[in-house]
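Sequence lines set the chain letters: A, B, ... in the order given, protein chains first and strands last, and positions in each chain run from 1.
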2 protein chains.
Amino acid sequence: MSDMPSCQFESRPRRIMMGPSGLQTDFCATCTVRPNSVCNVIDEGDISRLAEAAVETIIPPGRGFIEEGAPATDFFNVTAGTVKLFKALPDGRRQITGFAAPGHFLGLAVSDSYAFGAEAIDTVRVCRFSREKMTELLDDFPKLERRLLEEASNELVAAQNQMLLLGRKTARERVASFLLDQMRIGQPPAGNGGPCRLNLPMTRGDIADYLGLTIETVSRTLSWMRSQGMIEVGKGYAITLLSVSRLDVLASGNG
Amino acid sequence: MSDMPSCQFESRPRRIMMGPSGLQTDFCATCTVRPNSVCNVIDEGDISRLAEAAVETIIPPGRGFIEEGAPATDFFNVTAGTVKLFKALPDGRRQITGFAAPGHFLGLAVSDSYAFGAEAIDTVRVCRFSREKMTELLDDFPKLERRLLEEASNELVAAQNQMLLLGRKTARERVASFLLDQMRIGQPPAGNGGPCRLNLPMTRGDIADYLGLTIETVSRTLSWMRSQGMIEVGKGYAITLLSVSRLDVLASGNG
DNA sequence: CGATCAATTGACATCAGTCAAACGCAGTGG
DNA sequence: CCACTGCGTTTGACTGATGTCAATTGATCG
């Protein structure tokens, strides 16, 4: 599907403000995703330590930047765009294990090689940390470790939900679950129940690989939902959820 | 399938040796699973702190001891037997998200309620830690936090593998993957390639719920493997792997 | 306008699920 | 000792949801 060249970064070393003392200062201080990311455990006073360790990298759409099985040299924090994480079988079958939105931390594999691949869906910006810098940060900021554990636990919960979806839900239930999940990402938790417009960054193929279905089944299912008045399929990647409640019933297996 | 009574423990407060100073001593020091569990990061000198916090609990076969959605009051460390972890849909469909063998740490969910249920397969022994005690331990032993992060990362990798299995593998590939995984649990990593006898603690139903299949399909697939000379199905829960290499080819999708 | 690529739709095939029967084994009680 | 029961497993016949293959539509971009 994608050519997946071996990990090539289009890194552009970030221009960093220098403070009076010559120390790097507030490159991270102005980061818009910090409140939602693991970085939020670093105090204002220590923020320059973070900026020092991070290298901002821009990744164009479709470019792979983590190769499954390659040596795990870096950690990443997504600051813009959406990344797909996946595993593949030798014959090309692919399972997307998750989508990483801004704030998401990547690279939690403990082993010395990545257990999954990663590819930019749209234009992605990440903060890259070398393994060494990351180790230093972990040693100096115990809070960071606790925060990463929290992050990992949340991912585990998401993974368990996905296993339930992949192992036991029907195609309609899977698509409904997916749409609701996507809604919860963009929306504040208190959804008002009214129509909700989504702008999905990923293709039908990505959705299929995420839900363990084929492109055709995803397309047919969306068409069926449209025929039922549950959603509206706009042009491009827009989908409007017309009846969140009915999708909810479907997603939880009571359709 | 199981009646799952609300969490009832058959706790028997562990008899603990008292040292000269009146402090509890080496209940954990003699623990056979400590080398493989998160507890191995606590130094000998501090081992009594661990013993102080742990309550050993015996759980009979079939008894549920974590209920999905219930308040997450305790953490567990499995010391004997096998536990199944699962999520369920309202209509009873069930996905087993993993099996916890001795050494496995349970309860990593950060939220205040359990994201999964847990039930003993055979007679299970666990060390139970209250949330408060666990927090104390984490505060006092930073190494423990790092170790838990490692554990969580490993579980994430396993979860990603399982997503690939559930989303993209055929029934034969799933069963082959499962048998090989089970072999690797019991065996030291250097499998000699010769026949390998497994004694699975779980029923066909559990295997089916783990692999996202039905009992019938699991049974048929095992019969097919037997007809191919790949395995031997003994009475009870014994299965002998006759050709690990052919199972390997199957499991990785080149069957 | 033609080329390309993603998405949709249709016709058909198939893998795994469903329903049902039979088997094997263990435990119980006559 | 044997009949009876319960439960998990195996096997068979059939069904159906989803995959496969293929044609069409629609959007984007030179």
Return the minimal non-hydrogen interatomic distance between [X] and [Y], and the atom names on each side.
X      : Y      : value
A:T221 : A:R172 : CG2-CA, 3.8 Å
B:V218 : B:R204 : CG1-CD, 4.0 Å
A:F76  : A:V126 : CD2-CG2, 3.8 Å

Between [N] atom [atom2] and [X] atom [atom1], what is the distance in whole Å?
X      : N      : atom1 : atom2 : answer
A:I215 : D:dT20 : CD1   : P     : 11 Å
B:L211 : C:dC15 : CG    : C1'   : 16 Å
B:L200 : D:dG8  : CG    : C1'   : 15 Å
B:D206 : D:dC7  : CG    : P     : 16 Å

Contact under 4.0 Å: B:T203 side-chain N or O vs D:dG8 OP1/OP2: no

Contacting residues from residues 167-174 of chain A, given that a heavy atom lies under 4.0 angstrom of DNA chain C: none

Verdict with reasoning, A:S177 to A:V175, per side-chain contact (heavy atoms from CB on, under 4.5 Å): CA-CA 5 Å; A:S177 300; A:V175 174; over 6 Å; no

Counting only side-chain heavy atoms from C-beta out, which of [options] sits nearest to [X]?
X      : options               : result
B:S219 : C:dT18, D:dT11, D:dG8 : D:dT11
A:R220 : C:dG17, C:dA6, D:dG19 : D:dG19
B:L213 : C:dA16, C:dA6, D:dT10 : C:dA16

Sequence-distant partners of A:F116, ring pair (Phe, Tyr, Trp, His ring centres under 6.0 Å), two or more places apart: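 With neighbours one apart ignored, the set is empty.
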
Ring pair (Phe, Tyr, Trp, His ring centres under 6.0 Å) partners for A:F129, two or more places apart: none

Sub-4.0 Å heavy-atom contacts from residues 222-231 of chain B onto DNA chain D, ordered by number: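 Correct list: B:S223, B:R226.
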
Derivation and outcome, salt bridge (Lys or Arg N to Asp or Glu O under 4.0 Å), residues B:R184 and B:D248: CA-CA 12 Å; B:R184 290 184 193 111; B:D248 252 324; 3.6 Å; yes

Please check this pair: side chain of [X] against backbone of [Y], looking for a donor-acceptor N/O pair closer than 3.5 Å.
X      : Y      : result
A:Q162 : A:Y210 : yes
B:N154 : B:L156 : no
B:R226 : B:I231 : no

Short N-O contact, A:K87 and A:E68, less than 4.0 angstrom: yes

Lys/Arg-Asp/Glu bridge criterion (N-O < 4.0 Å) met for B:R168, A:D209: yes

The helix from C:dC1-D:dG30 to C:dG30-D:dC1: angle between end helix axes, five pairs per end, rounded to 10 degrees: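 About 20° separates the two local helix axes.
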
B:F86 six-ring face occupied by B:R94 cation (under 6.0 Å, within 45°): yes

Base-contact (B) and sugar-phosphate-only (S) positions in nucleotides 22-28 of chain D, heavy-atom cut-off under 4.0 Å, - elsewhere: -------

